[in-house]
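What follows is a short report on a single structure.
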2 protein chains.
Amino acid sequence: MATQTAAEQREEARKAFDAYFSQCPSRKLLDRLSDKWVTLVLTALQAGPCRYSDLARRIAGVSQKMLTQTLRVLERDGLVSRTLTPSVPVRVDYELTPLGESLMPLVAAIKSWAEAHIEDVERAREHYDAVNA
Amino acid sequence: MATQTAAEQREEARKAFDAYFSQCPSRKLLDRLSDKWVTLVLTALQAGPCRYSDLARRIAGVSQKMLTQTLRVLERDGLVSRTLTPSVPVRVDYELTPLGESLMPLVAAIKSWAEAHIEDVERAREHYDAVNA
DNA sequence: CTGCATCCAGCTGGATACTG
DNA sequence: CAGTATCCAGCTGGATGCAG
């Protein structure tokens, strides 16, 4: 009699893989970048410091919850700095840190590949859909 | 009397933004790359053609459903080609297309930034968590 | 061997209401 | 102005069973 069922073994393997996987630096980075709002916030901040409400205006579709959440994550990761001015009303400015700025060339590289090749992808899709109608 | 409530206007704005947003090439690319299994499959195929079951073995944590789904998407996008050999049992090989290969330097760049800077990010996190205990 | 169909638990993220 | 707290609808993706 086995000490584990096949299902339990599979689950073990999956958990071990997940543990390893979540340690992968590339994965951590992709998890950040892939967040819907992260690249938009980073790009908006590229031009310079920006207030919370300005960000909300520039990134038209974002909800308050997600903007705050995204900014917190980026601040925690050291990609963005937060400066509070205790006037009345309160003023908060966000800014890219040097680490955050070092990420921007990569964002630009992604943009570059996308703009250069996305039409090939679109054509491939149309072809695929036509063949597998 | 307004023809729209404020809530309706906000929803309109959000839908318009979403529509614009989903057209953005960079977004389309990030949506692909950020899929948990996409980069793993692409990386696994970088060494050369590979059978379905080999992929399943190399990428230990993937479920059958997600592996198939990922491969379908990549095939549809023209990043991966699928070759069926109608033997018994069936044999299917997957391979990077030239378009898929053109994406690999970008994947490498992501890996490179991640490995160079993820420790800075980790330190920033520890600091943030310590301060905001 | 290589898949497809279905079910469902868990997470994501928008809406809403409230605060210093 | 710049958030925080709560609720919940919809999507994601793993598990399972079946098929050519």
Side-chain angles (χ1 to χ4, degrees), chain A residues 5-18 21-22 31-32 34-38 40-41 49-76 80-95 132, chain B residues 5-18 21-22 31-32 34-38 40-41 49-76 80-95 132:
Chain A
T5 66
E8 282 169 344
Q9 281 182 13
R10 276 199 304 277
E11 196 182 352
E12 285 286 313
R14 196 182 58 74
K15 280 184 181 171
F17 181 82
D18 280 355
F21 189 51
S22 61
D31 280 345
R32 272 292 157 276
S34 66
D35 259 43
K36 183 175 179 182
W37 304 110
V38 163
L40 286 174
V41 169
C50 196
R51 300 182 58 171
Y52 180 91
S53 50
D54 289 334
L55 284 173
R57 213 168 305 116
R58 284 201 210 177
I59 309 169
V62 72
S63 67
Q64 235 176 21
K65 173 181 172 178
M66 291 317 295
L67 180 54
T68 298
Q69 196 177 102
T70 302
L71 287 168
R72 285 294 166 281
V73 166
L74 293 178
E75 189 195 353
R76 180 168 181 259
V80 159
S81 66
R82 178 177 183 271
T83 308
L84 183 139
T85 307
S87 52
V88 180
V90 186
R91 173 189 178 121
V92 181
D93 287 87
Y94 292 93
E95 186 175 8
N132 307 58
Chain B
T5 66
E8 280 170 346
Q9 280 184 12
R10 276 197 305 275
E11 196 182 353
E12 285 286 312
R14 196 183 59 75
K15 280 184 181 169
F17 180 83
D18 281 355
F21 189 52
S22 62
D31 280 346
R32 273 292 157 273
S34 66
D35 259 43
K36 183 173 179 181
W37 304 111
V38 164
L40 287 173
V41 169
C50 195
R51 296 183 60 173
Y52 181 89
S53 51
D54 290 333
L55 283 174
R57 214 167 305 115
R58 284 201 210 177
I59 309 171
V62 72
S63 69
Q64 238 176 18
K65 174 181 170 177
M66 291 318 293
L67 180 54
T68 299
Q69 197 177 100
T70 302
L71 287 167
R72 284 297 163 281
V73 167
L74 292 177
E75 188 195 354
R76 181 167 180 260
V80 158
S81 66
R82 178 177 184 270
T83 309
L84 184 141
T85 308
S87 52
V88 179
V90 184
R91 171 189 179 123
V92 181
D93 288 270
Y94 291 92
E95 186 176 8
N132 306 57

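Chain identifiers are assigned alphabetically (A, B, ...) following the order of the sequence lines, protein sequences preceding nucleic acid strands; residue numbering begins at 1 within each chain. Just so it is clear, the model here is predicted, and its values are computed rather than measured.
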With a 3.5 Å cut-off and sequence neighbours excluded, list the donor-acceptor pairs that the side chains of residues 54-62 of chain A form with protein atoms.
residue	atom	partner	partner atom	Å
Asp54(A)	OD1	Arg57(A)	NH1	3.0
Arg58(A)	NH1	Ala44(A)	O	2.8

Partners passing side chain to side chain contact (heavy atoms under 4.5 Å, CB included) against Gln64(A) (at least two apart in sequence or in another chain): Tyr52(A)

With Ser87(B) via side chain to side chain contact (heavy atoms under 4.5 Å, CB included) - residues at least two apart: Thr85(B), Arg91(B)

Sub-4.0 Å heavy-atom contacts from residues 83-92 of chain B onto DNA chain D, ordered by number: none

Strand contacts (DNA chain C) in residues 54-63 of chain A, 4.0 angstrom heavy-atom criterion: Ser63(A)

Short side-chain N/O contact to dC1(D) OP1/OP2 from Tyr94(A), under 4.0 Å: no

Angle by which the axis turns from one end of the helix from dC1(C)-dG20(D) to dG20(C)-dC1(D) to the other, five pairs per end, to 10 degrees: 50°

Side chain to side chain contact (heavy atoms under 4.5 Å, CB included) involving Ser34(A) - partner list, sequence neighbours excluded: Ser34(B)

Tyr94(A): partners by side-chain hydrogen bond (donor to acceptor under 3.5 Å, both in side chains), with sequence neighbours left out: Arg72(A), Arg82(A)

Which nucleotide in dG14(D), dG3(D), dG14(C) has an atom nearest any side-chain atom of Trp37(B): dG14(D)

Separation of atom CZ in Arg72(A) from atom C1' in dA5(D), rounded to whole Å: 14 Å

Integer-rounded Å distance: dG13(D) P and Phe21(A) CZ: 11 Å

Sugar-phosphate only, base, or nothing, as touched by Gln64(A) at under 4.0 Å among non-hydrogen atoms: base

Identify each atom pair where a protein N or O and an N or O of nucleotides 6-9 of chain C are less than 3.5 Å apart, giving names and distance.
none

Partners meeting side chain to side chain contact (heavy atoms under 4.5 Å, CB included) with Val73(B) (sequence neighbours left out): Arg32(B), Asp77(B)

Partners meeting side-chain hydrogen bond (donor to acceptor under 3.5 Å, both in side chains) with Asp35(B) (sequence neighbours left out): none

Residues in side-chain hydrogen bond (donor to acceptor under 3.5 Å, both in side chains) contact with Thr83(B), at least two apart in sequence or another chain: none

